[in-house]
Amino acid sequence: MNIEITDSAKEKLLLMKEKNMPITLMKYPVGWAGFKYKIVSAKQTEDDNLYKVDGFDIIVSKDSEIGLKGVTIDYGGLLFKDFIVYPQF
């Protein structure tokens, strides 16, 4: 899987890394049949894959990885700033 990280996201991921917080990409349900992806701090399990990207260890659960060719991780927002994950199918 291809993972790209924007410069603004790298700044925030570095803060997580400095605090020894695991960086995990997870899929979560939205509405009745949809889902989105988000960055959370969760420890790696046996079923997760670990990707080393630009000096970061990115944990991706196998369930979240199904059907994905890659993602772009960004950081921003209008009112509330947070990680934004753009999936590539």
Side-chain angles (χ1 to χ4, degrees):
M1 183 170 76
N2 182 42
I3 299 174
E4 296 180 22
I5 305 172
T6 66
D7 289 340
S8 58
K10 286 178 186 176
E11 290 178 24
K12 296 301 178 181
L13 290 174
L14 185 58
L15 294 175
M16 292 177 72
K17 183 178 178 178
E18 289 172 348
K19 295 179 182 179
N20 293 319
M21 299 171 65
I23 302 166
T24 307
L25 173 71
M26 297 187 86
K27 178 170 67 172
Y28 67 98
V30 176
W32 291 98
F35 56 87
K36 285 188 175 184
Y37 295 88
K38 64 181 176 178
I39 298 295
V40 297
S41 179
K43 292 184 179 183
Q44 185 175 3
T45 67
E46 290 180 9
D47 294 332
D48 296 340
N49 292 319
L50 180 66
Y51 295 92
K52 295 188 180 287
V53 182
D54 297 334
F56 298 100
D57 292 339
I58 309 291
I59 301 165
V60 181
S61 67
K62 285 186 181 179
D63 184 47
S64 297
E65 197 168 349
I66 295 173
L68 275 182
K69 291 182 180 176
V71 295
T72 299
I73 301 170
D74 195 7
Y75 188 86
L78 295 175
L79 297 176
F80 301 101
K81 303 235 182 260
D82 200 357
F83 289 103
I84 304 165
V85 180
Y86 299 101
Q88 302 158 7
F89 297 102

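What's counted below: heavy atoms across the whole structure, side chains too, no hydrogens, waters or symmetry copies. It should be emphasised that the depicted structure is a prediction, and the values quoted were computed from it without experimental measurement. Starting from 1, each residue takes its place in the sequence as its number.
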*asked:* Same cluster or not: Leu25 versus Ile3, using hydrophobic residues (I, L, V, M, F, W, Y) connected whenever any side-chain heavy atoms lie under 4.5 Å apart?
replied: yes
*Is Val53 reachable from Val71 through a run of hydrophobic residues whose side-chain heavy atoms are each under 4.5 Å from the next?*
yes
*Considering only heavy atoms from C-beta outward, does the side chain of Met16 approach that of Phe56 to under 4.5 Å?*
no
*Is the closest side-chain heavy-atom distance between Met1 and Ile58 below 4.5 Å?*
no
*How far apart are the closest heavy atoms of Val40 and Lys38, and which atoms are they?*
CG1-CE, 3.7 Å
_Polar side chain donor-acceptor pair, Asp74 to Ser8, under 3.5 angstrom_ = yes
*Single-linkage hydrophobic cluster Tyr75~Met21, side-chain heavy atoms < 4.5 angstrom*: yes
_Check: Gln44 and Pro22 side chains under 4.5 Å, non-hydrogen atoms_ = no
*asked:* Quick check with a 6.0 Å cut-off and a 45 degree axis cone: is Lys12 positioned over the face of Phe83's six-membered ring?
replied: no
*Just wondering, are more than 12 heavy atoms of other shown residues or ligands nearer than 6.0 Å to CZ in Phe89?*
yes
*Report yes if some heavy atom in the side chain of Thr72 is under 4.5 Å from a heavy atom in the side chain of Gln88; otherwise report no.*
yes
*asked:* Using modelled atom types and a 3.5 Å cut-off, is there a donor and acceptor pairing between side-chain atoms of Ser64 and backbone atoms of Met26?
replied: no
*So do Thr24 and Ile39 actually touch side chain to side chain, heavy atoms under 4.5 Å?*
no
*Is it possible for you to say whether Leu68 and Val85 belong to one hydrophobic cluster, with membership spreading through side-chain heavy-atom contacts below 4.5 Å?*
yes
